[in-house]
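Since the structure comes first, as structure tokens, the remarks are kept for the end.
Convention: sequence-line order gives letters A, B, ...; per-chain numbering from 1.
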Number of protein chains: 2
Amino acid sequence: MERSSRSRPPATLASLAAEVGVSRTTVSNAYNRPDQLSPALRARVMEAAARLGYPGPDPVARSLRTRKAGAIGLLLTEQLSYAFRDPAAVAFLEGLTLECDSAKVGLLLVPARPDSDDVTAVAGASVDGFVAYSMPDDDPHLRAVLARPVPAVICDQPAVPGTDLVGIDDHAAARGLADHLVELGHRRIGVVCMRLGRARRDGAVDLVRQQAAHYHVQRNRLAGLREGFTAAGVAWDRVPVVEQFDHSVESGARGAAAVLAMDPGITALIATSDVLAMGAIDELHRRRQRVPEDVSVSGFDGIRAAREMQLTTVVQPVEDKGRYAGRLLLDPARSTRGRKVVLPTTFLAGQTTAPPRVR
Amino acid sequence: MERSSRSRPPATLASLAAEVGVSRTTVSNAYNRPDQLSPALRARVMEAAARLGYPGPDPVARSLRTRKAGAIGLLLTEQLSYAFRDPAAVAFLEGLTLECDSAKVGLLLVPARPDSDDVTAVAGASVDGFVAYSMPDDDPHLRAVLARPVPAVICDQPAVPGTDLVGIDDHAAARGLADHLVELGHRRIGVVCMRLGRARRDGAVDLVRQQAAHYHVQRNRLAGLREGFTAAGVAWDRVPVVEQFDHSVESGARGAAAVLAMDPGITALIATSDVLAMGAIDELHRRRQRVPEDVSVSGFDGIRAAREMQLTTVVQPVEDKGRYAGRLLLDPARSTRGRKVVLPTTFLAGQTTAPPRVR
DNA sequence: TTGTAAGCGTTATCAT
DNA sequence: ATGATAACGCTTACAA
């Protein structure tokens, strides 16, 4: 049996070089530039490495020397465990990882819990760049990312000078949704939206809070809706708008209940995400209301489950968002910063919206 | 306007120390041991840091010195983009990230594509440990993980001496499923299973390949099924078993079609995962077969979608698997290696299995 | 083809 | 409370 490598101090490149009787350079080359060595010598080095249990050059030491971490960080607005429950976030991850795969860099998940201001995870991440996904504009983690001397790409957020950006035109897409409902004849509506700030809060939202929302995406979607309905003569300040901190089907149901409590007579319920819309439909069904005969419901995102149930929604290319984010960040020739990629969305008329019931 | 920090060589701890006129130690302490400094001096250091645009100690250099990467690696058997489509894998991730969150370590995703033997991502990952999730026993990436001089936890895999393990008793759980179907009266059955090896392959699987499967989980589930049906007098070598490389609903449908082509007279179709079972049900419905009246179907895993559709399945605590994996790896007092955590499973009789149709 | 020498930026230890 | 010194393990001009 071989001597256990655990009994000795672990082998290093230097100790291996000493063992073989060559310089450290040679051992380094054996690993990193095999063509710079005679095959025979390389074989001797590798044999000795196996014998000593040398696992190859230490990644951290290499990173320090080469100034390349070989990974990028992804800043997520949620406890990680939570993010994975959101199909849109998962699709974004899919796209991003695709690009990481082909660039051969790792992906380090960096959670940014909204209830924590501890930024050490961001400051301590050994990465060559960051992607920030849908962070509120006042988040300290986001600031910490921008403070790091590495490139960053932000996604679904307001532009930051000198930082690449990927997003969609939430305002226009929401406006299209509003126009669709207006055209169908809806004038008495309600809205369930995702969280507007970092502090937990559920319930009715007045116009001031809508416009001051720290989540860019929600702010713009609400603005687009407001524009569309205002243009149709709807008094927006009387439209019940309910914010739900949690993003889940159950939360959508609670939001719908809150809206209905504020105005039981609405003919259409607009959710700013498909997940919330699905919960809203659940709640309506529990109340023996038919969708769309009694109440129309619309979502946003175009996640798979929503499309399968024929939800009227706006389909956005979430996976492409991830791909573009990765591409911008990993682009070897990133001479220009501050690039913007605005992806197209498509309105999808499903089976959950119809003209309001005539009474 | 401040002088741009981009114009100068980036500040380091040393340059900051020189600027302030103190030693490097003092600057280091200002960041890592604030109590070792007079508040006044610390304030001076921090002020200078802000002025010079010093972003704080470099994570890589710190890692080299402290011999702590502050992250763990997760080895996944798939292209990452693929893994996120599997609800069970996502649940595992959820559990693992929960533990990472509370231990304040990052999670580095390391993809191990089955069609690639390139192990550099594993060798080059700056991590303090690895979790390997459901890798085939002959995978070079897995070997590379075990070769790294950091602790590892393996999940859903055969035991490796000296390495912690988390898993379930797949054999016993599958046996229970078989017993359930036997009891209902099923003798003519078919099986759709997940991939058994790293090479792409779809179609009928003979006993030799079943027993030689490189995926421990699939091997054991098949063995459990075989044991149960053999005990009931079913000739297992005549049971159509079909392997599907891809793990998706569509793939499950194709697998079901293949099984039905081999024996159109089966009364029960067993899938070794819920995702495959859902596809099988789709395929049966396309053929105007009712489930369970015409054909019974069972799954495995207990993912949310399966439970919602009342699939007969085995529920395994996937999220707990992730939590235990993280806990074992991050356990500060990991004196003992080679620990085993075997989690319980529960059989769940749903609405998709019933006695075979009488003819 | 191989070796020399100079860092990469930090923290631990020990001294003052 | 602050500082001097010595690593941590590696890569890479450049020289031989």
Exercise. Can you list the steps and then say if A/Arg62 with A/Asn32 is a side-chain hydrogen bond (donor to acceptor under 3.5 Å, both in side chains)?
Worked result: CA-CA 11 Å; A/Arg62 164 184 279 160; A/Asn32 303 317; 2.5 Å; yes

Seminar exercise, completed: Taken to the nearest whole Å, CG/B/Leu16 to P/D/dG3 is 12 Å

Problem set entry | Degree of bending in the helix from C/dT1-D/dA16 to C/dT16-D/dA1 once both end axes are built from five pairs, to 10° | 30°

Problem set entry | Where at least one partner belongs to residues 33-53 of chain B, residue pairs that pass ring-ring contact (aromatic ring centres under 6.0 Å, His included), sequence neighbours excluded | none

Exercise. Taking DNA chain C as the partner, which of residues 36-46 of chain B come within under 4.0 angstrom of it by heavy atom?
Worked result: none

For this session: Would you please test B/Leu93 and B/Glu319 for side-chain contact (heavy atoms from CB on, under 4.5 Å) and show each step?
Result: CA-CA 7 Å; B/Leu93 258 166; B/Glu319 185 173 330; over 6 Å; no

Seminar exercise, completed: Here the gap from A/Ile154 atom CD1 to A/Ser134 atom OG, rounded to the nearest 0.5 Å, amounts to 11.0 Å

Exercise. Between which nucleotides of DNA chain C, 5' to 3', does chain B make heavy-atom contacts below 4.0 Å?
Worked result: C/dG9 to C/dA12

Exercise. Base, sugar-phosphate alone, or nothing: which one does B/Tyr31 contact when heavy atoms must sit under 4.0 Å apart?
Worked result: nothing

For this session: Would you sort out whether B/Asp118 and B/Ser116 count as a side-chain hydrogen bond (donor to acceptor under 3.5 Å, both in side chains), showing the intermediate values?
Result: CA-CA 5 Å; B/Asp118 182 2; B/Ser116 160; 5.2 Å; no

Exercise. What pairs meet the ring-ring contact (aromatic ring centres under 6.0 Å, His included) rule with one or both residues in residues 19-73 of chain B, with sequence neighbours excluded?
Worked result: B/Tyr31-B/Tyr54

Could you go over nucleotides 12-16 of chain D and give all protein N or O partners under 3.5 Å, atom names and distances?
unit_1, atom_1, unit_2, atom_2, d
D/dT12, O4, A/Thr25, OG1, 3.2

For this session: Keeping to residues at least two apart or across chains, list the salt bridge (Lys or Arg N to Asp or Glu O under 4.0 Å) pairs with something in residues 130-144 of chain A.
Result: A/Asp137-A/Arg219, A/Asp139-A/Arg198

For this session: With sequence neighbours excluded, tell me which residues meet side chain to side chain donor-acceptor pair (under 3.5 Å) with A/Thr25.
Result: none

Exercise. Do the side chains of A/Thr163 and A/Val153 get nearer than 4.5 Å, heavy atoms only?
Worked result: no

Exercise. Listed in order of residue number, which residues of residues 121-130 of chain B have a non-hydrogen atom at under 4.0 Å from DNA chain D?
Worked result: none

For this session: Taking only the side-chain heavy atoms of B/Arg67 (C-beta and beyond), determine which of D/dC10, D/dG3, D/dG9 contains the nearest atom.
Result: D/dG9

Exercise. Salt-bridged, A/Arg148 to B/Asp58, with N to O below 4.0 Å?
Worked result: no

Exercise. Any ion pair linking A/Asp156 and A/Lys321 (charged N to carboxylate O, less than 4.0 Å)?
Worked result: yes

Exercise. NA contact type, A/Val22, heavy-atom cut-off 4.0 Å: base, sugar-phosphate, or nothing?
Worked result: sugar-phosphate

Exercise. Over how many whole Å does the gap from A/Asp58 atom CG to D/dA7 atom P extend?
Worked result: 18 Å

Exercise. With B/Arg323, which residues qualify under side-chain contact (heavy atoms from CB on, under 4.5 Å), at least two apart?
Worked result: B/Leu98, B/Glu99, B/Asp320, B/Arg327

Exercise. Pairs in or reaching into residues 148-167 of chain B: which pass ring-ring contact (aromatic ring centres under 6.0 Å, His included), with residues at least two apart or in two chains?
Worked result: none

Exercise. Looking at side-chain heavy atoms only, is the closest gap between B/Pro111 and A/Thr97 below 4.5 Å?
Worked result: no

Problem set entry | Of all pairs that satisfy ring-ring contact (aromatic ring centres under 6.0 Å, His included), the ones with a partner from residues 104-137 of chain A, not counting sequence neighbours | A/Phe92-A/Tyr133

